[in-house]
There are 2 protein chains.
Amino acid sequence: MRGRIIKESIDLFDKKGFSKTSIQDIVDTIGVTKGTFYYYFKSKQELLRDIHLNYIKELLKEQEVILNDEYISCKEKLNRLIYLIIKNIKVHGKSARVFNREVRHLDQEQVKSVNVYRKEFRLNLQKLIVEGKEKGEFRENLKNDIVIFGILGMVNRSYNWYNPEGEVSEEELVNIYMDLILNGIKLDANRT
Amino acid sequence: MRGRIIKESIDLFDKKGFSKTSIQDIVDTIGVTKGTFYYYFKSKQELLRDIHLNYIKELLKEQEVILNDEYISCKEKLNRLIYLIIKNIKVHGKSARVFNREVRHLDQEQVKSVNVYRKEFRLNLQKLIVEGKEKGEFRENLKNDIVIFGILGMVNRSYNWYNPEGEVSEEELVNIYMDLILNGIKLDANRT
């Protein structure tokens, strides 16, 4: 039931917005009583927080598996991590959109509890840049934090424009991003 | 007065959200009557649309000046265009945030009227990539549209995390982005 409430409320928040969706709307859609809702969540705010906690914790688990793989290069890890985000558009696009738009309805403590995990995801990526420098895969003179903000901005922004059912497949999109991130756009006669 | 209404409403929408801000709130803050509001705007939605139209039209004008400069390279044009966006964070950050968050409150026609200009800005950037390829500044095998979505995602996302008053100056941030965009992160022994 908890999963069902989360799923239906993401749809409602996406369509009508968080403010205009009441707990009554949510329970009506599922056909249960408010009591059922309050059994699982203290408030609509807590539900919104949990929607994103679910999502980001799942991503972190998958990120960990990729980062701990000893048999692949840092470039390959970066590739797989970007693919992880892109393939999530299909599954979790709505949830991410809802969260980014409605985060202001959460109180400070709730935002903090989510941001702990978001920051962890970002810092793990930063560590990958450090590791890639040590292994001679990435250039030394990169500012780890800003490079990762840039890459995440580029990739996350796909949630707004990329249509996984369109002309460009998820794999192609990841390849294009990786080419851009690794090689840049400059034509350089000295480059292989 | 029109400018004053726009300015104060951006602040209110940013703080309280669009839904929870009434026209009464807006006119109370300025100390005028609702009649004054309706003299300039048909509705709160129209005000929201105009907030963004103002912003994007201003950007387009400045973009045009940069793109039409015959004395600078495509790389330099890209540099100046990114700087244009970054320096706008200080001035228009709130306005852009409000728009991105509240755009769903506009009706289709209103969204369309704004998106015409947003698309123009993006397509102008795409043309710059094409021009840069022709002039041998950028690599041939780039997908113009996705590269520009990527660059815009990266740069626009700075609105969410970048603090112009912090450690990294706007000029430094632009240089870091340009280095990333032009050269990528890969260490390449064959590169100059």
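Throughout, a chain's letter reflects where its sequence line sits, starting with A, and its residues are numbered from 1. Because only heavy atoms are used, hydrogens play no part in the values below, and waters and symmetry mates are left out as well, while side chains stay in. Only a predicted model underlies this, so the values are computations on that prediction, with no experimental measurement involved.
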### Query
Is chain A contacted by the side chain of B:Leu173, its backbone, both, or neither, given a heavy-atom distance below 4.5 Å?
side chain

### Query
Side chain, backbone, both or neither: which part of B:Val168 has a non-hydrogen atom closer than 4.5 Å to chain A?
side chain

### Message
Can you tell me which portion of A:Leu152 sits under 4.5 Å from chain B's heavy atoms? Options are side chain, backbone, both or neither.
### Response
neither

#### Entry: ILVMFWY network linking A:Leu128 to A:Val130, side-chain heavy atoms under 4.5 angstrom
no

### When A:Asn141, A:Ile181, A:Leu142 are compared by non-hydrogen pairs under 4.5 Å with chain B, the top option
A:Ile181

#### Entry: Over 12 non-hydrogen atoms of neighbours within 6.0 angstrom of NZ in A:Lys16
yes

### Task
Establish whether A:Leu123 and A:Leu60 are linked, either directly or via other cluster members, by ILVMFWY side-chain heavy-atom contacts under 4.5 Å.
no

#### Entry: Euclidean distance, B:Asn156 CG relative to A:Met154 CE, rounded to 0.5 Å
13.5 Å

### Option from A:Lys186, A:Arg139, A:Lys143 for which side-chain hydrogen bond (donor to acceptor under 3.5 Å, both in side chains) with B:Asp179 holds
A:Arg139

### Rounded distance [0.5 Å steps], CG in B:Leu78 versus CD1 in A:Ile185
5.5 Å

#### Entry: Residue B:Phe121 excluded, over 12 heavy atoms near CZ under 6.0 Å
yes

### Message
Tell me if the OH atom of A:Tyr162 is crowded by more than 12 foreign heavy atoms within 6.0 Å.
### Response
yes

### Query
Any side-chain heavy-atom pair from A:Ile146 and B:Trp161 closer than 4.5 angstrom?
yes

### Message
Does any backbone or side-chain atom of B:Lys75 lie under 4.5 Å from a heavy atom of chain A? Answer side chain, backbone, both or neither.
### Response
side chain

### Query
In the single-linkage hydrophobic clustering (I, L, V, M, F, W, Y; side-chain heavy atoms under 4.5 Å), do A:Met1 and A:Ile6 co-cluster?
yes

### Query
Is A:Ile72 reachable from A:Leu125 through a run of hydrophobic residues whose side-chain heavy atoms are each under 4.5 Å from the next?
no

### Task
Can you establish whether the number of heavy atoms outside A:Glu64 located under 6.0 Å from its atom CD is more than 12?
no

### Message
As an exercise, state the distance from CZ of A:Phe149 to CD1 of B:Ile176, rounded to the nearest 0.5 Å.
### Response
12.0 Å

### Message
Within this structure, what is the CG-CZ distance for the pair B:Leu187 and A:Phe138, rounded to the nearest 0.5 Å?
### Response
10.0 Å

### Query
When only pairs under 4.5 Å are counted, which of B:Ser19, B:Gly132, B:Cys74, B:Gly136 shares the most heavy-atom pairs with chain A?
B:Gly136

